[in-house]
Amino acid sequence: MKQSADPLDRVFITRSPWAQALQRLRRIALIEDVTFWLFLAGLAWVPFWYGSNVMLAWGVNAVLFPGLVALYEFALLVRSKAHPVGIRTISVPTTLFGIVLIWIGVQTLTWSSSPLANPVWGMASEALGRPLEGSISVNRDLTVLALMRLITAASVFWLALQLCRDGERAGRFMTAIAAIGCAYAVYGLIAIKAGHVPWLEIPRQNGRVSSTFFNRNHFATYAGLTLITVVALTQELYHRALGDVPRGWRTQLATLIDVSGGQGAALVTSAFLIAVAFLLTGSRGGIIAAGLGLIVLGVLAHGGAGRRSRRSLVVTLFALIAVAAVLYAFGGFFAGSLEERGVSDVGRLSVFGLTLRSILDAPLAGFGYGTFVDVFPMYRDRSLSVLGIWEHTHNTYLEVFQGLGVLFGAMLIASVVLLAIRCFRGSIQRQSNVMVPRMAASAACLIGINSLVDFGLEIQAVTLTFAAMLGAGVAQSESSRAALSD
């Protein structure tokens, strides 16, 4: 059809309802990209204010991430577009998690008289001389706060799951996590050199790096997650660089050195800075857990067969040489901690035993999610010093069982384990973008081990970063050709 020469006709065509609708759709499509970059900005903010371990940060995160979920869902709704990853893909973990959320809500319900209510409410009524409405939770306010943090983490997972289904976007996500981790590592090193932490009232750590976190152990866990991300990116870069290199370890080693000084210089520098800050924390649990996570990352790299497996061996040997050099130069604090305090801690072992006793007193109903700080004083005995307040168990599994009961606590843990298993399976089966599920699987190993001896998951900077990594890993655990949309 001949195009009209009349300018008025062209204006009419561009302003037709169809053209206007197309322009609106394009503008709405931008919402998804905007949501992704705001999501990354939120993950960059999370460690900034004491690792988000204060009430103000909890509130900001509880508005920011669920708000981004609402924005993303609105964009899908307006465009009548399906979710990139349908909820049926993760139906079992979602069902378990949903049951746990309902149970936490039940724990906060009040009754004037109920066999489910914790006996502490009856004792409080007798002490005050007036009836009190009881509940399963011994402190409903703490349970509601813990529920809010749990929903925030679920929002982060859901956003990463949907936004990182696109392989290119998943790669940008990993790059962003690496850059954020490097920035906080550099800040921690500068703060140690300066002798104080600007704008944050953090006590001195005797020369040990804690960056913007209250506790060096929690920064070690966070730095371990970002270090795994950087190493996974570097690993993939080296594999690609060795793709067309002929056999022979000398040629391959020379190629790795050349790449390290060129295309991979930024990644190698980031890995070095994070590793140095990480080792200078001197955290026994954090460093051991991250070390095991990196070992898992190396093992998963050998999941392929033939040529790729041989390349992985060369890359692993090159990495081991680099790790040995960094450990030799900066592992003094870690070695000193092991020599001074060993691997175990008598105080923590006593807390574990007392917490286990409390779990046996309420194995089904629990004491209320997130109420350890109020429950533990009722069981504390002479096995612990009278000094200090134990706000956490230093074992996430025991704290979950104490708060939710054995059945519902197991459901919450299983919902995460099942997602991690998907990432492990994707690390072995996938051919492209395998670094994403490999990163998530290794991070899950780090968190799973660290949770045995610390409470890193009680710190939102750790929890939300891990939730995002897990969501991205699950999104990329299936082939891009597989239809996962709802």
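A quick note: this is a predicted structure, and the numbers were derived from the prediction, not measured.
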**Q.** Residues L116, L109; criterion side chain to side chain contact (heavy atoms under 4.5 Å, CB included); working and verdict
**A.** CA-CA 10 Å; L116 289 176; L109 296 178; over 6 Å; no
Q: Evaluate the side chain to side chain contact (heavy atoms under 4.5 Å, CB included) criterion for residues F376 and L384: first the C-alpha distance (whole Å), next the side-chain angles of each, then the deciding distance (0.1 Å), finally the verdict.
A: CA-CA 12 Å; F376 186 70; L384 288 172; 3.5 Å; yes
Q: Begin from the C-alpha positions of D381 and S383 and carry the test side-chain hydrogen bond (donor to acceptor under 3.5 Å, both in side chains) through to its verdict.
A: CA-CA 6 Å; D381 60 17; S383 63; 2.4 Å; yes
Q) Going through the distances and angles, do I180 and Y222 end up as a side chain to side chain contact (heavy atoms under 4.5 Å, CB included)? A) CA-CA 11 Å; I180 294 167; Y222 175 79; 3.2 Å; yes
Q. Taking it one step at a time, do F97 and L419 satisfy side chain to side chain contact (heavy atoms under 4.5 Å, CB included)?
A. CA-CA 12 Å; F97 186 78; L419 295 172; over 6 Å; no
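Contact check for L300 versus F424: side-chain heavy atoms found under the 4.5 Å cut-off. Side-chain contact between F219 and T212 is absent, with no heavy atoms from C-beta onward closer than 4.5 Å. Between E478 and R425 there is a side-chain heavy-atom pair separated by less than 4.5 Å. By the 4.5 Å heavy-atom criterion applied to side chains, I192 and L280 are not counted as neighbours. For the pair H218/F455, a side-chain contact is recorded, criterion being any heavy-atom separation below 4.5 Å from C-beta on. Looking at V436 and F173, their side chains never come closer than 4.5 Å, going by heavy atoms from C-beta outward. L142 is not listed as a side-chain neighbour of Y369, based on a closest heavy-atom distance of 4.5 Å or more. Here the side chains of E399 and E458 are in contact, with some heavy-atom distance below 4.5 Å.
Considering all non-hydrogen atoms of both residues, Q476 and C164 come closest at NE2-O, 2.8 Å. G134 and W121 get closest at one heavy-atom pair: CA-CG, 3.5 Å. Taking each heavy atom of A178 and V230 in turn, the nearest pair found is CB-CG2, 3.4 Å. Looking at every heavy atom in both residues, R438 comes nearest to A301 through CZ-CA, 3.9 Å. Residues G181 and T226 come closest through the heavy atom pair CA-CG2, 3.6 Å. The two residues A232 and M174 make their nearest non-hydrogen contact at CB-CE, 3.9 Å.
For the pair W58 (side chain) and S52 (backbone), a donor-acceptor distance under 3.5 Å is present. A donor-acceptor distance shorter than 3.5 angstrom exists from the side chain of R348 to the backbone of V453, with no hydrogens or angles considered. A donor-acceptor pair under 3.5 Å is absent between the side-chain atoms of D454 and the main chain of H394, judged by distance alone. Although no hydrogens or angles enter the test, the distance criterion places a donor-acceptor pair under 3.5 Å between the side chain of R216 and the main chain of T281. For the pair S358 (side chain) and T355 (backbone), a donor-acceptor distance under 3.5 Å is present. Remark: the backbone N or O of L68 is not paired with any side-chain donor or acceptor of T35 at under 3.5 angstrom. Judged by distance alone, with hydrogens and angles left aside, the side-chain atoms of T463 form a donor-acceptor pair with the main-chain N or O of L457 at under 3.5 Å. When atom types are taken as modelled, the side chain of Y397 and the backbone of A410 share no donor-acceptor pair closer than 3.5 angstrom. A donor-acceptor pair under 3.5 Å is formed between the side chain of W103 and the backbone N or O of L404. Between the T371 side chain and the F367 main chain, a donor and an acceptor come within less than 3.5 Å of each other.
Taking the six-membered ring where tryptophan is involved, the planes of Y50 and F214 are essentially parallel, since the angle between them stays under 30° and well short of 60°.
Side-chain contact check for N61 and T152: no donor-acceptor pair (N or O, by modelled atom type) lies under 3.5 Å. No side-chain N or O of R149 forms a donor-acceptor pair with one of Q460 less than 3.5 Å apart. Residues N139 and D374 have side chains that bring a donor and an acceptor to within less than 3.5 angstrom of each other.
For E32 and R169, the salt-bridge test passes: some basic side-chain N is under 4.0 Å from an acidic carboxylate O.
Rounded to the nearest 0.5 angstrom, N217 CG and I287 CD1 are separated by 9.0 Å. Remark: S270 OG to L227 CG distance equals 10.5 Å, nearest 0.5 Å. Between the CG atom of L470 and the CG atom of L161 there is a distance of 9.0 Å, given to the nearest 0.5 Å. Atoms OG1 and CD1, from T95 and I90 in turn, are 9.5 Å apart once rounded to the nearest 0.5 Å. In this structure, the separation between OG1 on T229 and CD1 on I274 is 8.0 Å, given to the nearest 0.5 Å. With rounding to the nearest 0.5 Å, the separation of CG in L147 from OG in S137 is 11.0 Å.
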